[in-house]
Each structure stands twice: as structure tokens, then as C-alpha cells.
Amino acid sequence: HSGLVIRIGLTGGIGAGKSTVAQTFIAHGAYHIDADKIAREVVARGTPGLAQLVEAFGEDVLDADGGLDRPALAAKAFVSDDSRKLLNSITHPLIGARTQELTDAAPDDAIVLHDVPLLVEGRMAPFYHLVVMVHTDEDVRLRRLVELRGMDADDARQRIAAQATDEQRHAVADVWLDNSGTPDDLAAAALAVWEERLVPFRDNVAARRAVEPSLDDTADDPESSKLGARLVNRLWALVGGGAQAVAHTATSSAADHPTRPIPELTVTVADLTAADALAEPLAAGGFPPVESDDPQVRLHGSADPGRGALVRVRPAD
Ligand code: ADP
């Protein structure tokens, strides 16, 4: 039934304020999938995942109780690219399978909140209906991590440096929540996103209904030039092998919102049968079919109330 839910990716740098945003969404009914928790569970004591780690890296990665000794694993796995890849080749499929299992168990019409600290680094953004980014300037995060979470300053600095840059975050963010105010300010901004964007988005996807964008601009990503590329990647994730090409072909603007860009995209397919086969995956992914006046083109709009889109699915000439 995965066509009946929407998946929201929540991310941000360490200490940015993801927990506060997640709490607000969960309090209002989000179905929470916690990536950090899953990453721990799949290699917990007694799991096949942990047995695979032992086989790959040796008994030294176990602690006295037979659980995973994380520093010991890190010492072995983070020494070379090959060893890091070996670690990922064990954990990533297990994490992916468990995430899918939990997503499949979500009730119909759920708003699935996938809380993923390394969403940008893992290039996972295209696989969500919407990516919510929590942003706090680096110096403020550093101070909060040290003063409020008791982290060692050098450790915090290193972790921040190892993560994605603000520019990389901008490129994939559909919603940019700034956490330079108080926690209450952030919770209020998150609630507005929930009520004005996520809930109507979910309702529109469930009803296969396209909308004209109706939000004001404040909650949106300020770098709208990245929007086209973002949607190309998202469309690829939805149409996969069913298309020959996906391109951002133009950007127009909404009649009632002259400042709001509406990206136009073209999905090239073999023939109209292939175009029709994409109707449902596109609708489930947030691009419901709308009426087309060209019989050789299938047209899709956007179910996201925060941004319009026009997607033409057409056979290659
Ligand atoms: P993340 O989950 O993104 O790593 P957290 O939500 O845990 O970050 O926030 C990091 C720390 O900063 C926590 O101790 C949190 O309570 C605190 N914090 C978050 N937002 C604010 C804020 N606006 N003002 C002050 N402290 C904050």
C-alpha cells in the first residue's frame, strides 16, 4: 500500500535541532522511523548483522558481553575506503530492509517521518516526497553540542566538518527550517509546515489531486534555482527503468504567485503504453495526472501545496 502514504525525510547537521522538529511532527501524528535506532538494532547483540561484522572484522569488534564495541569497529572499519565499503555493504542492506519493513507497516494515509542524520551524505533525498532540513549556523551548533549535550568541543568540531556542507544541504532541501531562535520558535515553524504543507500534501496524494501552490514563500528553500535539479532526481527515483530521459525543460510562474517558480519537466518514454504505466508511480510519488490537451502527451501536476510542477510524459520523437 506504499502508494497511500507520504514519506518525509527529516535531516540537518548534528546539533541543528532535528529532535525538536521530530517531536512536533510526532505529537501531531507522524509515523516515526528513526534511522539511528534502526542502525543500532540491525547489529544488536545476537543478530545476524552482528555475526556478519564479526566475520568481516574479527572477534575484536565484540565487547565483553558479546555486543558491538563501536570504537573497536570504528578503529577497524574507518582505516581505508575498502574497509569502510565492506562495513557499508553489510549494514546498508540490513538498514534498508528494516526501513522498508517499517514503512510497509505504516497505516494507510500515514505521514511517514524518516529521521535520517546522514540523508544528504547518503544521497537519499530523491526517495522522499519532501525533505525537511533543519538549519543552525555552525558556531551555534558547536556551542549547543558542548554546553547542552556535553560533547567534547574537538569531537563536535570534527563531526560537523565530516558532514555535508550548507550548500549541499540547500541543494536537496524542500523545506528549510531555521533554528536560530528559541526552541519554541522552531516548534511553531515546524507546526506550520505540518499543518500547511505535510497534511494537505498527504491528503492530495491520497486523493490523486494536483494543486496550485498557495503558501507564501517564507517556509520554502531560498535557493529555488536548485528546484529543477531536485525534481529531476525525484522523478528518476519514481520512474526508474520506465523512462529514457528526465529533464528540466523550463520554469514558468504561477499566475497568482508571480514570484513562485513552477518547474516544467519532461519524462521521455518509448511509447504511450510506457507513459500510462508511469501514471500510478508518479501519482503515488506526488505527481498526479492532470488533463492534457495533447493526445501524445500525458500531463502530471504537483500534489505538494508548497510548489507547483508540470511534468510532461511523452514518447521519444
Ligand atoms: P539534532 O537532533 O539535530 O542533533 P538536537 O535537537 O538534539 O539536535 O539539538 C541539539 C541541542 O541543542 C539539544 O541539546 C537541544 O536541546 C538544543 N537546542 C535545540 N534547539 C535549540 C534552540 N533553538 N535554542 C537553544 N537550544 C536548542
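Every number for a ligand or one of its atoms is a count from 1 in the order of the listing. Everything numeric in this text was worked out from a predicted model, so none of it was measured. One-based numbering along the sequence shown.
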Mind listing the side-chain donor-acceptor pairs of residues 69-81 below 3.5 Å, one per line with the distance, residues two or more places apart or on another chain?
| from | atom 1 | to | atom 2 | distance (Å) |
| --- | --- | --- | --- | --- |
| Asp69 | OD1 | Ala72 | N | 3.2 |
| Lys76 | NZ | Phe57 | O | 3.2 |
| Lys76 | NZ | Asp60 | OD2 | 3.2 |
| Ser80 | OG | Asp82 | N | 3.4 |
| Ser80 | OG | Ser83 | N | 3.1 |
| Ser80 | OG | Ser83 | OG | 3.1 |
| Asp81 | OD1 | Arg84 | NH2 | 2.8 |

| query | With a cut-off of 6.0 Å (strictly less than), are more than 12 heavy atoms of other residues, nucleotides or ligands near CZ of Arg123? | reply | no
| Roughly how far, to the nearest 0.5 Å, is CD of Gln163 from CD of Gln168? | 11.0 Å
| field | Working for side-chain contact (heavy atoms from CB on, under 4.5 Å), residues Ile111 and Ile8 | value | CA-CA 7 Å; Ile111 297 176; Ile8 307 301; 3.8 Å; yes
| task | Given side-chain contact (heavy atoms from CB on, under 4.5 Å), test Arg197 with Arg307 step by step and report yes or no. | result | CA-CA 10 Å; Arg197 192 148 181 188; Arg307 55 139 184 79; 3.9 Å; yes
| Who are the residue neighbours of ligand 1 when the rule is a heavy atom under 4.0 Å from any of its atoms? |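 The 4.0 Å shell around ligand 1 contains Gly13, Ile14, Gly15, Ala16, Gly17, Lys18, Ser19, Thr20, Arg144, Leu148, Arg149, Asn179, Gly181, Thr182, Pro183.
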| said: Strictly distance-based, threshold 3.5 Å: is any side-chain N or O of Lys18 a donor or acceptor partner for the main-chain N or O of Val116? | reply: no
